[in-house]
Number of protein chains: 2
Amino acid sequence: MNMSNCRQCIIKRFNALKTLTNEELERISDHKTSLLIKKGENLMTEGNAINGLYCIKDGKGKLTKLNTNGKEQIIKFIKGGDILGHRSILSEDLVGLNAIALEDMHVCFIPKGDILDTIKENTQFSLNLMKNISQQLNDANTSISQMAQKPVKDRLAETLLYLEEIFGVDNEKCIDVVLTREEIANTIGTATESAIRLLSNLKKDGVIDLLGKRIKIINKIALKNISEGY
Amino acid sequence: MNMSNCRQCIIKRFNALKTLTNEELERISDHKTSLLIKKGENLMTEGNAINGLYCIKDGKGKLTKLNTNGKEQIIKFIKGGDILGHRSILSEDLVGLNAIALEDMHVCFIPKGDILDTIKENTQFSLNLMKNISQQLNDANTSISQMAQKPVKDRLAETLLYLEEIFGVDNEKCIDVVLTREEIANTIGTATESAIRLLSNLKKDGVIDLLGKRIKIINKIALKNISEGY
DNA sequence: AAAATAAAATGATTTTTATCATTTATTAAA
DNA sequence: TTTAATAAATGATAAAAATCATTTTATTTT
(Lines give C-alpha, C1' and ligand atoms only; values in the text may rest on other atoms or scores of the structure.)
Protein backbone atom coordinates (compact mmCIF):
# COMPACT_ATOMS: atom_id res chain seq x y z
CA MET A 1 0.00 0.00 0.00
CA ASN A 2 0.89 3.58 -0.44
CA MET A 3 1.34 6.19 2.22
CA SER A 4 1.23 9.22 -0.04
CA ASN A 5 -1.96 10.60 -1.54
CA CYS A 6 -2.39 12.06 -5.00
CA ARG A 7 -4.67 14.81 -3.75
CA GLN A 8 -1.91 16.22 -1.60
CA CYS A 9 0.83 15.74 -4.19
CA ILE A 10 2.15 19.06 -5.34
CA ILE A 11 3.90 17.77 -8.44
CA LYS A 12 0.62 17.06 -10.25
CA ARG A 13 0.15 20.83 -10.58
CA PHE A 14 2.79 20.85 -13.25
CA ASN A 15 1.24 18.41 -15.68
CA ALA A 16 -1.98 17.10 -17.19
CA LEU A 17 -2.94 15.42 -13.90
CA LYS A 18 -3.88 18.85 -12.54
CA THR A 19 -7.24 18.59 -14.30
CA LEU A 20 -8.32 15.48 -12.42
CA THR A 21 -11.33 15.68 -10.13
CA ASN A 22 -11.05 14.69 -6.47
CA GLU A 23 -12.89 11.50 -7.24
CA GLU A 24 -10.46 10.63 -10.03
CA LEU A 25 -7.51 11.46 -7.80
CA GLU A 26 -8.81 9.15 -5.09
CA ARG A 27 -9.13 6.27 -7.49
CA ILE A 28 -5.68 6.82 -8.89
CA SER A 29 -4.26 7.24 -5.40
CA ASP A 30 -5.58 3.81 -4.48
CA HIS A 31 -4.07 2.13 -7.52
CA LYS A 32 -0.78 3.94 -7.91
CA THR A 33 2.58 2.62 -6.79
CA SER A 34 5.67 4.62 -5.89
CA LEU A 35 9.03 3.70 -7.31
CA LEU A 36 12.59 4.66 -6.61
CA ILE A 37 14.68 4.55 -9.78
CA LYS A 38 18.35 4.64 -8.89
CA LYS A 39 20.89 6.53 -10.97
CA GLY A 40 21.61 4.61 -14.16
CA GLU A 41 18.51 2.43 -13.94
CA ASN A 42 15.79 2.25 -16.59
CA LEU A 43 12.29 3.45 -15.88
CA MET A 44 11.10 2.46 -19.34
CA THR A 45 12.84 0.37 -21.97
CA GLU A 46 12.55 0.73 -25.74
CA GLY A 47 10.55 -2.08 -27.31
CA ASN A 48 8.75 -3.13 -24.14
CA ALA A 49 5.00 -2.98 -23.67
CA ILE A 50 3.76 -0.26 -21.38
CA ASN A 51 1.15 -0.80 -18.71
CA GLY A 52 0.74 2.61 -17.20
CA LEU A 53 1.69 6.22 -16.87
CA TYR A 54 4.70 7.46 -14.96
CA CYS A 55 4.67 10.75 -13.10
CA ILE A 56 8.09 11.96 -12.02
CA LYS A 57 8.12 13.41 -8.51
CA ASP A 58 11.78 14.39 -8.44
CA GLY A 59 15.12 13.56 -9.98
CA LYS A 60 16.51 13.96 -13.47
CA GLY A 61 16.63 11.60 -16.39
CA LYS A 62 17.23 11.18 -20.09
CA LEU A 63 15.10 9.72 -22.87
CA THR A 64 17.26 7.81 -25.30
CA LYS A 65 17.06 5.70 -28.40
CA LEU A 66 19.51 2.99 -29.38
CA ASN A 67 20.60 3.21 -33.00
CA THR A 68 21.08 0.23 -35.31
CA ASN A 69 24.81 0.68 -34.79
CA GLY A 70 24.39 0.52 -31.03
CA LYS A 71 24.99 4.21 -30.36
CA GLU A 72 22.80 6.03 -27.86
CA GLN A 73 20.92 9.10 -28.99
CA ILE A 74 19.52 11.33 -26.27
CA ILE A 75 16.16 12.67 -27.45
CA LYS A 76 15.02 14.65 -24.44
CA PHE A 77 15.73 15.31 -20.77
CA ILE A 78 13.15 14.81 -18.05
CA LYS A 79 12.66 16.04 -14.50
CA GLY A 80 10.10 16.37 -11.71
CA GLY A 81 6.64 17.21 -13.03
CA ASP A 82 7.06 15.39 -16.32
CA ILE A 83 4.80 12.52 -17.27
CA LEU A 84 5.98 9.52 -19.26
CA GLY A 85 4.37 6.65 -21.09
CA HIS A 86 1.22 8.41 -22.28
CA ARG A 87 2.43 8.47 -25.86
CA SER A 88 2.79 4.74 -25.88
CA ILE A 89 -0.55 4.19 -24.10
CA LEU A 90 -2.36 6.41 -26.59
CA SER A 91 -0.81 4.99 -29.74
CA GLU A 92 -1.11 1.45 -28.40
CA ASP A 93 2.48 0.98 -29.50
CA LEU A 94 5.47 -0.45 -27.73
CA VAL A 95 7.60 2.02 -25.83
CA GLY A 96 9.77 4.00 -28.25
CA LEU A 97 12.41 5.36 -25.91
CA ASN A 98 14.48 4.37 -22.92
CA ALA A 99 13.97 6.47 -19.82
CA ILE A 100 17.13 6.34 -17.73
CA ALA A 101 17.75 8.06 -14.40
CA LEU A 102 20.62 10.57 -14.37
CA GLU A 103 20.23 10.73 -10.59
CA ASP A 104 17.90 8.93 -8.17
CA MET A 105 14.30 9.55 -9.18
CA HIS A 106 11.05 9.17 -7.29
CA VAL A 107 8.27 8.18 -9.63
CA CYS A 108 4.60 7.31 -9.35
CA PHE A 109 3.14 4.61 -11.54
CA ILE A 110 -0.55 4.76 -12.50
CA PRO A 111 -2.02 1.70 -14.24
CA LYS A 112 -3.09 2.07 -17.87
CA GLY A 113 -6.73 1.15 -17.15
CA ASP A 114 -7.18 4.09 -14.81
CA ILE A 115 -5.64 6.45 -17.34
CA LEU A 116 -7.82 5.23 -20.19
CA ASP A 117 -10.93 5.47 -18.01
CA THR A 118 -10.04 8.98 -17.05
CA ILE A 119 -9.39 9.99 -20.65
CA LYS A 120 -12.86 8.78 -21.54
CA GLU A 121 -14.65 10.62 -18.75
CA ASN A 122 -12.59 13.81 -18.39
CA THR A 123 -12.32 15.82 -21.59
CA GLN A 124 -10.06 18.40 -20.07
CA PHE A 125 -7.54 15.76 -19.02
CA SER A 126 -7.73 14.31 -22.48
CA LEU A 127 -7.12 17.72 -24.07
CA ASN A 128 -4.17 18.32 -21.78
CA LEU A 129 -2.55 15.05 -22.78
CA MET A 130 -3.04 15.92 -26.43
CA LYS A 131 -1.58 19.34 -25.84
CA ASN A 132 1.45 17.81 -24.18
CA ILE A 133 2.11 15.39 -27.03
CA SER A 134 1.44 18.08 -29.62
CA GLN A 135 4.07 20.29 -28.10
CA GLN A 136 6.50 17.41 -27.94
CA LEU A 137 5.87 16.77 -31.62
CA ASN A 138 6.55 20.38 -32.44
CA ASP A 139 9.79 20.28 -30.45
CA ALA A 140 10.79 17.06 -32.16
CA ASN A 141 10.24 18.60 -35.59
CA THR A 142 12.43 21.52 -34.63
CA SER A 143 15.10 19.06 -33.51
CA ILE A 144 15.01 17.22 -36.82
CA SER A 145 15.55 20.44 -38.68
CA GLN A 146 18.43 21.48 -36.47
CA MET A 147 20.10 18.09 -36.50
CA ALA A 148 19.89 18.02 -40.25
CA GLN A 149 21.12 21.49 -41.01
CA LYS A 150 23.14 22.99 -38.19
CA PRO A 151 26.83 22.26 -37.70
CA VAL A 152 27.93 20.53 -34.50
CA LYS A 153 29.17 23.74 -32.88
CA ASP A 154 25.79 25.42 -33.26
CA ARG A 155 24.01 22.37 -31.92
CA LEU A 156 26.28 22.29 -28.89
CA ALA A 157 25.55 25.94 -28.13
CA GLU A 158 21.83 25.26 -28.56
CA THR A 159 21.99 22.27 -26.24
CA LEU A 160 23.80 24.15 -23.48
CA LEU A 161 21.13 26.86 -23.53
CA TYR A 162 18.41 24.21 -23.51
CA LEU A 163 19.98 22.40 -20.55
CA GLU A 164 20.18 25.60 -18.53
CA GLU A 165 16.57 26.37 -19.38
CA ILE A 166 15.37 22.92 -18.31
CA PHE A 167 17.49 22.34 -15.22
CA GLY A 168 18.38 25.85 -14.10
CA VAL A 169 21.66 26.66 -12.34
CA ASP A 170 23.15 25.67 -9.00
CA ASN A 171 24.60 28.03 -6.38
CA GLU A 172 27.78 28.42 -8.44
CA LYS A 173 25.69 29.34 -11.52
CA CYS A 174 26.59 26.06 -13.22
CA ILE A 175 23.95 24.22 -15.25
CA ASP A 176 22.28 22.06 -12.64
CA VAL A 177 22.70 18.64 -14.20
CA VAL A 178 25.73 16.36 -14.32
CA LEU A 179 26.35 14.84 -17.71
CA THR A 180 29.37 13.02 -19.05
CA ARG A 181 30.98 14.42 -22.17
CA GLU A 182 29.73 11.33 -23.94
CA GLU A 183 26.15 12.16 -22.96
CA ILE A 184 26.57 15.67 -24.29
CA ALA A 185 27.93 14.20 -27.51
CA ASN A 186 24.99 11.80 -27.69
CA THR A 187 22.59 14.69 -27.31
CA ILE A 188 23.98 16.77 -30.14
CA GLY A 189 24.82 13.78 -32.30
CA THR A 190 28.56 13.89 -32.58
CA ALA A 191 31.68 12.03 -31.46
CA THR A 192 32.68 12.44 -27.81
CA GLU A 193 36.06 13.91 -28.80
CA SER A 194 34.37 16.50 -30.99
CA ALA A 195 32.10 17.57 -28.15
CA ILE A 196 35.08 17.85 -25.79
CA ARG A 197 37.05 19.90 -28.30
CA LEU A 198 34.18 22.29 -28.94
CA LEU A 199 33.56 22.72 -25.22
CA SER A 200 37.26 23.55 -24.78
CA ASN A 201 37.01 26.11 -27.57
CA LEU A 202 33.96 27.74 -26.01
CA LYS A 203 35.86 27.95 -22.74
CA LYS A 204 38.92 29.44 -24.46
CA ASP A 205 36.64 32.04 -26.03
CA GLY A 206 35.22 32.92 -22.62
CA VAL A 207 31.68 31.91 -23.55
CA ILE A 208 31.43 29.14 -20.96
CA ASP A 209 33.45 27.89 -18.03
CA LEU A 210 34.21 24.26 -17.26
CA LEU A 211 34.44 23.20 -13.61
CA GLY A 212 35.01 19.48 -13.84
CA LYS A 213 31.88 18.01 -15.35
CA ARG A 214 29.91 21.12 -14.47
CA ILE A 215 29.36 23.77 -17.10
CA LYS A 216 28.75 27.44 -16.46
CA ILE A 217 27.38 29.69 -19.17
CA ILE A 218 29.23 33.00 -18.98
CA ASN A 219 28.04 34.80 -22.08
CA LYS A 220 24.53 33.74 -22.96
CA ILE A 221 24.17 36.19 -25.81
CA ALA A 222 27.33 34.94 -27.48
CA LEU A 223 26.13 31.36 -27.05
CA LYS A 224 22.78 32.26 -28.55
CA ASN A 225 24.54 33.82 -31.52
CA ILE A 226 26.71 30.75 -32.02
CA SER A 227 23.60 28.55 -31.90
CA GLU A 228 22.20 30.61 -34.76
CA GLY A 229 25.34 30.35 -36.83
CA TYR A 230 27.13 33.64 -36.13
CA MET B 1 -21.91 26.09 -50.81
CA ASN B 2 -20.48 22.67 -51.21
CA MET B 3 -21.65 19.98 -53.55
CA SER B 4 -19.80 17.12 -51.93
CA ASN B 5 -20.94 15.44 -48.74
CA CYS B 6 -18.72 14.14 -45.95
CA ARG B 7 -20.90 11.07 -45.44
CA GLN B 8 -20.18 9.89 -48.94
CA CYS B 9 -16.53 10.82 -48.91
CA ILE B 10 -14.36 7.75 -49.10
CA ILE B 11 -11.14 9.40 -47.97
CA LYS B 12 -12.38 9.81 -44.40
CA ARG B 13 -12.04 6.05 -43.99
CA PHE B 14 -8.30 6.47 -43.84
CA ASN B 15 -8.07 8.84 -40.91
CA ALA B 16 -9.52 9.83 -37.55
CA LEU B 17 -12.64 11.21 -39.24
CA LYS B 18 -13.84 7.62 -39.73
CA THR B 19 -15.10 7.58 -36.14
CA LEU B 20 -17.54 10.44 -36.63
CA THR B 21 -21.26 9.77 -36.26
CA ASN B 22 -23.68 10.60 -39.07
CA GLU B 23 -24.85 13.59 -37.11
CA GLU B 24 -21.32 14.87 -36.71
CA LEU B 25 -20.61 14.28 -40.39
CA GLU B 26 -23.66 16.27 -41.38
CA ARG B 27 -22.59 19.22 -39.28
CA ILE B 28 -19.07 19.13 -40.65
CA SER B 29 -20.40 18.72 -44.16
CA ASP B 30 -22.39 21.93 -43.79
CA HIS B 31 -19.42 23.91 -42.54
CA LYS B 32 -16.58 22.54 -44.58
CA THR B 33 -15.06 24.18 -47.63
CA SER B 34 -13.19 22.51 -50.47
CA LEU B 35 -9.90 23.90 -51.68
CA LEU B 36 -7.68 23.34 -54.66
CA ILE B 37 -4.04 23.87 -53.77
CA LYS B 38 -1.98 24.17 -56.92
CA LYS B 39 1.50 22.70 -57.19
CA GLY B 40 3.96 24.83 -55.28
CA GLU B 41 1.30 26.62 -53.24
CA ASN B 42 1.12 26.62 -49.45
CA LEU B 43 -1.74 24.97 -47.64
CA MET B 44 -0.37 25.99 -44.25
CA THR B 45 2.42 28.40 -43.41
CA GLU B 46 4.81 28.22 -40.47
CA GLY B 47 4.10 30.85 -37.84
CA ASN B 48 0.51 31.49 -38.90
CA ALA B 49 -2.49 30.89 -36.69
CA ILE B 50 -4.62 27.92 -37.63
CA ASN B 51 -8.39 28.01 -37.78
CA GLY B 52 -9.29 24.52 -38.77
CA LEU B 53 -8.41 21.02 -39.81
CA TYR B 54 -7.38 20.05 -43.32
CA CYS B 55 -8.26 16.69 -44.79
CA ILE B 56 -6.38 15.84 -47.96
CA LYS B 57 -8.56 14.24 -50.61
CA ASP B 58 -5.84 13.70 -53.21
CA GLY B 59 -2.49 14.99 -54.32
CA LYS B 60 0.94 14.94 -52.73
CA GLY B 61 2.73 17.44 -50.55
CA LYS B 62 5.65 18.11 -48.25
CA LEU B 63 5.80 19.45 -44.70
CA THR B 64 8.79 21.74 -44.31
CA LYS B 65 10.50 23.96 -41.80
CA LEU B 66 12.62 26.98 -42.64
CA ASN B 67 15.89 27.07 -40.75
CA THR B 68 17.44 30.19 -39.22
CA ASN B 69 19.86 30.18 -42.17
CA GLY B 70 16.97 30.11 -44.63
CA LYS B 71 17.38 26.48 -45.69
CA GLU B 72 14.32 24.29 -46.13
CA GLN B 73 14.11 21.07 -44.15
CA ILE B 74 11.52 18.56 -45.28
CA ILE B 75 10.06 16.88 -42.19
CA LYS B 76 7.42 14.65 -43.72
CA PHE B 77 5.52 13.88 -46.92
CA ILE B 78 1.74 13.93 -47.13
CA LYS B 79 -0.88 12.48 -49.45
CA GLY B 80 -4.58 11.70 -49.74
CA GLY B 81 -6.10 10.52 -46.48
CA ASP B 82 -3.77 12.54 -44.27
CA ILE B 83 -5.11 15.16 -41.92
CA LEU B 84 -3.29 18.40 -41.13
CA GLY B 85 -3.54 21.13 -38.57
CA HIS B 86 -4.81 19.08 -35.63
CA ARG B 87 -1.47 19.35 -33.83
CA SER B 88 -1.67 23.09 -33.91
CA ILE B 89 -5.35 23.13 -32.90
CA LEU B 90 -4.70 20.85 -29.95
CA SER B 91 -1.60 22.60 -28.65
CA GLU B 92 -3.15 26.02 -29.26
CA ASP B 93 0.14 26.94 -30.88
CA LEU B 94 0.91 28.63 -34.15
CA VAL B 95 1.46 26.34 -37.11
CA GLY B 96 4.91 24.77 -36.89
CA LEU B 97 5.39 23.61 -40.45
CA ASN B 98 4.74 24.70 -44.00
CA ALA B 99 2.52 22.38 -46.02
CA ILE B 100 3.38 22.77 -49.68
CA ALA B 101 1.77 20.98 -52.62
CA LEU B 102 4.12 18.84 -54.71
CA GLU B 103 1.29 18.46 -57.22
CA ASP B 104 -2.25 19.83 -57.31
CA MET B 105 -4.10 18.85 -54.16
CA HIS B 106 -7.80 18.72 -53.31
CA VAL B 107 -8.33 19.48 -49.67
CA CYS B 108 -11.30 19.91 -47.33
CA PHE B 109 -11.18 22.52 -44.63
CA ILE B 110 -13.18 21.98 -41.41
CA PRO B 111 -13.42 24.94 -39.02
CA LYS B 112 -11.68 24.64 -35.65
CA GLY B 113 -14.90 25.07 -33.65
CA ASP B 114 -16.48 21.98 -35.17
CA ILE B 115 -13.36 19.95 -34.48
CA LEU B 116 -13.13 21.06 -30.86
CA ASP B 117 -16.84 20.35 -30.34
CA THR B 118 -16.43 16.91 -31.79
CA ILE B 119 -13.37 16.18 -29.65
CA LYS B 120 -15.41 16.99 -26.58
CA GLU B 121 -18.39 14.83 -27.48
CA ASN B 122 -16.76 11.91 -29.29
CA THR B 123 -14.14 10.09 -27.22
CA GLN B 124 -13.25 7.72 -30.00
CA PHE B 125 -12.46 10.59 -32.37
CA SER B 126 -10.40 12.17 -29.65
CA LEU B 127 -8.48 8.95 -29.06
CA ASN B 128 -7.84 8.59 -32.76
CA LEU B 129 -6.39 12.08 -33.00
CA MET B 130 -4.13 11.33 -30.04
CA LYS B 131 -3.08 8.09 -31.61
CA ASN B 132 -2.21 9.89 -34.84
CA ILE B 133 -0.08 12.49 -33.09
CA SER B 134 1.51 9.88 -30.85
CA GLN B 135 2.64 7.93 -33.87
CA GLN B 136 3.96 11.07 -35.52
CA LEU B 137 5.92 11.80 -32.37
CA ASN B 138 7.40 8.34 -32.39
CA ASP B 139 8.38 8.75 -36.05
CA ALA B 140 9.89 12.14 -35.32
CA ASN B 141 12.00 10.70 -32.51
CA THR B 142 13.28 8.04 -34.85
CA SER B 143 14.17 10.74 -37.36
CA ILE B 144 16.12 12.72 -34.79
CA SER B 145 18.16 9.67 -33.94
CA GLN B 146 18.89 8.88 -37.56
CA MET B 147 19.72 12.44 -38.52
CA ALA B 148 22.10 12.67 -35.61
CA GLN B 149 23.92 9.41 -36.04
CA LYS B 150 23.65 8.04 -39.54
CA PRO B 151 25.90 9.19 -42.39
CA VAL B 152 24.34 10.84 -45.40
CA LYS B 153 24.51 7.73 -47.56
CA ASP B 154 22.52 5.69 -45.05
CA ARG B 155 19.95 8.44 -44.69
CA LEU B 156 19.52 8.63 -48.45
CA ALA B 157 18.90 4.88 -48.66
CA GLU B 158 16.43 5.13 -45.78
CA THR B 159 14.62 8.00 -47.48
CA LEU B 160 14.27 6.21 -50.79
CA LEU B 161 12.70 3.22 -49.05
CA TYR B 162 10.39 5.52 -47.11
CA LEU B 163 9.31 7.35 -50.27
CA GLU B 164 8.46 4.10 -52.02
CA GLU B 165 6.51 2.95 -48.98
CA ILE B 166 4.51 6.17 -48.80
CA PHE B 167 3.87 6.84 -52.46
CA GLY B 168 4.19 3.40 -54.04
CA VAL B 169 5.45 2.90 -57.59
CA ASP B 170 4.15 3.89 -61.01
CA ASN B 171 3.71 1.58 -63.99
CA GLU B 172 7.44 1.68 -64.68
CA LYS B 173 8.16 0.69 -61.04
CA CYS B 174 9.54 4.13 -60.26
CA ILE B 175 8.79 5.74 -56.92
CA ASP B 176 5.54 7.56 -57.60
CA VAL B 177 6.50 11.08 -56.60
CA VAL B 178 8.49 13.69 -58.47
CA LEU B 179 11.08 15.44 -56.34
CA THR B 180 13.95 17.67 -57.34
CA ARG B 181 17.42 16.64 -56.22
CA GLU B 182 17.32 19.65 -53.95
CA GLU B 183 14.17 18.35 -52.26
CA ILE B 184 15.79 14.98 -51.72
CA ALA B 185 18.80 16.76 -50.22
CA ASN B 186 16.49 18.82 -47.99
CA THR B 187 14.86 15.64 -46.77
CA ILE B 188 18.03 13.88 -45.72
CA GLY B 189 19.74 17.07 -44.58
CA THR B 190 22.67 17.42 -46.94
CA ALA B 191 23.94 19.56 -49.80
CA THR B 192 22.24 19.10 -53.16
CA GLU B 193 25.53 18.09 -54.79
CA SER B 194 26.10 15.43 -52.17
CA ALA B 195 22.66 13.97 -52.74
CA ILE B 196 23.25 13.92 -56.50
CA ARG B 197 26.62 12.25 -56.11
CA LEU B 198 25.28 9.56 -53.78
CA LEU B 199 22.35 8.88 -56.11
CA SER B 200 24.82 8.48 -58.98
CA ASN B 201 26.85 6.05 -56.89
CA LEU B 202 23.78 3.99 -56.02
CA LYS B 203 22.96 3.83 -59.72
CA LYS B 204 26.53 2.80 -60.60
CA ASP B 205 26.26 0.03 -58.01
CA GLY B 206 23.01 -1.18 -59.58
CA VAL B 207 20.96 -0.56 -56.44
CA ILE B 208 18.69 2.03 -58.04
CA ASP B 209 18.00 3.36 -61.51
CA LEU B 210 17.59 7.01 -62.44
CA LEU B 211 15.13 7.88 -65.21
CA GLY B 212 15.26 11.67 -65.26
CA LYS B 213 13.84 12.83 -61.97
CA ARG B 214 12.20 9.48 -61.41
CA ILE B 215 13.92 6.92 -59.23
CA LYS B 216 13.48 3.17 -59.43
CA ILE B 217 14.60 0.91 -56.61
CA ILE B 218 16.21 -2.15 -58.14
CA ASN B 219 17.69 -3.92 -55.14
CA LYS B 220 15.59 -3.23 -52.08
CA ILE B 221 17.58 -5.57 -49.85
CA ALA B 222 20.84 -3.86 -50.72
CA LEU B 223 19.25 -0.48 -50.08
CA LYS B 224 17.95 -1.68 -46.72
CA ASN B 225 21.45 -2.87 -45.82
CA ILE B 226 22.97 0.46 -46.81
CA SER B 227 20.39 2.26 -44.70
CA GLU B 228 21.57 0.20 -41.74
CA GLY B 229 25.23 0.93 -42.37
CA TYR B 230 26.43 -2.16 -44.22
C1' DA C 1 46.80 6.14 0.13
C1' DA C 2 48.02 3.36 -3.74
C1' DA C 3 46.47 0.96 -7.57
C1' DA C 4 43.11 0.33 -10.96
C1' DT C 5 39.66 2.05 -13.81
C1' DA C 6 37.18 5.35 -16.22
C1' DA C 7 36.64 9.86 -18.13
C1' DA C 8 38.49 13.95 -20.18
C1' DA C 9 41.68 16.25 -22.97
C1' DT C 10 44.68 16.82 -26.84
C1' DG C 11 47.33 15.77 -31.14
C1' DA C 12 47.73 13.59 -35.68
C1' DT C 13 45.38 11.72 -39.36
C1' DT C 14 41.66 10.13 -42.22
C1' DT C 15 37.12 10.29 -43.76
C1' DT C 16 33.05 12.61 -44.73
C1' DT C 17 30.68 16.31 -46.38
C1' DA C 18 30.25 21.13 -48.14
C1' DT C 19 31.49 24.58 -51.24
C1' DC C 20 32.84 26.55 -55.48
C1' DA C 21 33.38 26.17 -60.40
C1' DT C 22 32.06 24.36 -64.62
C1' DT C 23 29.69 21.46 -67.89
C1' DT C 24 25.75 18.99 -69.51
C1' DA C 25 20.98 18.13 -69.72
C1' DT C 26 16.22 19.36 -69.11
C1' DT C 27 12.43 22.37 -68.93
C1' DA C 28 10.14 26.67 -69.81
C1' DA C 29 9.62 30.92 -72.35
C1' DA C 30 10.03 33.96 -76.23
C1' DT D 1 12.32 25.88 -82.40
C1' DT D 2 15.62 28.67 -80.75
C1' DT D 3 16.82 31.02 -76.66
C1' DA D 4 16.79 31.48 -71.91
C1' DA D 5 16.42 29.68 -67.53
C1' DT D 6 16.64 26.06 -64.38
C1' DA D 7 18.13 21.66 -62.73
C1' DA D 8 21.41 17.89 -62.76
C1' DA D 9 25.89 16.17 -62.98
C1' DT D 10 30.78 16.17 -62.21
C1' DG D 11 35.46 17.75 -60.85
C1' DA D 12 38.56 20.19 -57.72
C1' DT D 13 39.17 21.91 -53.35
C1' DA D 14 38.16 23.28 -48.65
C1' DA D 15 36.04 22.65 -44.40
C1' DA D 16 33.94 19.85 -40.93
C1' DA D 17 33.85 16.00 -38.27
C1' DA D 18 35.32 11.18 -37.11
C1' DT D 19 38.73 8.10 -35.81
C1' DC D 20 42.83 6.48 -33.69
C1' DA D 21 46.54 7.15 -30.49
C1' DT D 22 48.27 9.00 -26.40
C1' DT D 23 48.44 11.68 -22.27
C1' DT D 24 46.39 13.80 -18.39
C1' DT D 25 42.99 14.09 -14.96
C1' DA D 26 39.33 12.27 -12.16
C1' DT D 27 36.95 8.67 -9.88
C1' DT D 28 36.62 4.15 -7.81
C1' DT D 29 38.22 0.22 -5.70
C1' DT D 30 41.25 -2.30 -2.99
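Chain letters run A, B, ... following the sequence lines, proteins first and then strands; every chain starts at 1. Keep in mind that what you see is a predicted model, and the values were worked out from it rather than measured.
- At the phosphate of C/dT10, OP1 or OP2 sits under 4.0 Å from a side-chain N or O atom of A/S200.
- A salt bridge links B/E92 and A/K131; the closest N-O separation between the charged side-chain nitrogens and carboxylate oxygens is under 4.0 Å.
- Between A/S194 and D/dA16 there is no side-chain N or O to OP1 or OP2 distance below 4.0 Å.
- The residue A/T192 sits apart from the nucleic acid: no heavy atom pair falls under 4.0 Å.
- Within the 4.0 Å cut-off from OP1 or OP2 of D/dA9, at least one side-chain nitrogen or oxygen of B/R181 is found.
- Positionally, the nearest nucleotide of DNA chain C for A/L179 lies more toward the 5' end than for the other of B/P151 and A/L179.
- Atom CD of B/Q135 sits in a crowded spot, with more than 12 heavy atoms from other residues, nucleotides or ligands closer than 6.0 Å.
- Between A/T180 and C/dA7 there is no side-chain polar atom (N or O) within less than 4.0 angstrom of OP1 or OP2.
- Of the inter-residue distances, the one linking A/Q73 atom CD with B/M147 atom CE reads 12.0 Å to the nearest 0.5 angstrom.
- Shown here for B/V95 and B/S88, the closest heavy-atom pair between the two residues is N-OG, 3.7 Å.
- Closest-nucleotide positions on DNA chain C for A/G212 and A/A148 were compared, and the one nearer the 5' end corresponds to A/G212.
- The distance from atom NZ of B/K39 to atom C1' of C/dT27 is 11 Å, rounded to the nearest whole Å.
- The listed nucleotides are C/dT10, D/dA17, D/dA9; the one nearest the side chain of A/E193 is C/dT10.
- Distance from the side chain of B/I196 is smallest for D/dA8 among the nucleotides D/dA16, D/dA8, C/dA18.
- Phosphate contact (OP1/OP2 of D/dA8, side-chain N/O of B/K213, threshold under 4.0 Å): present.
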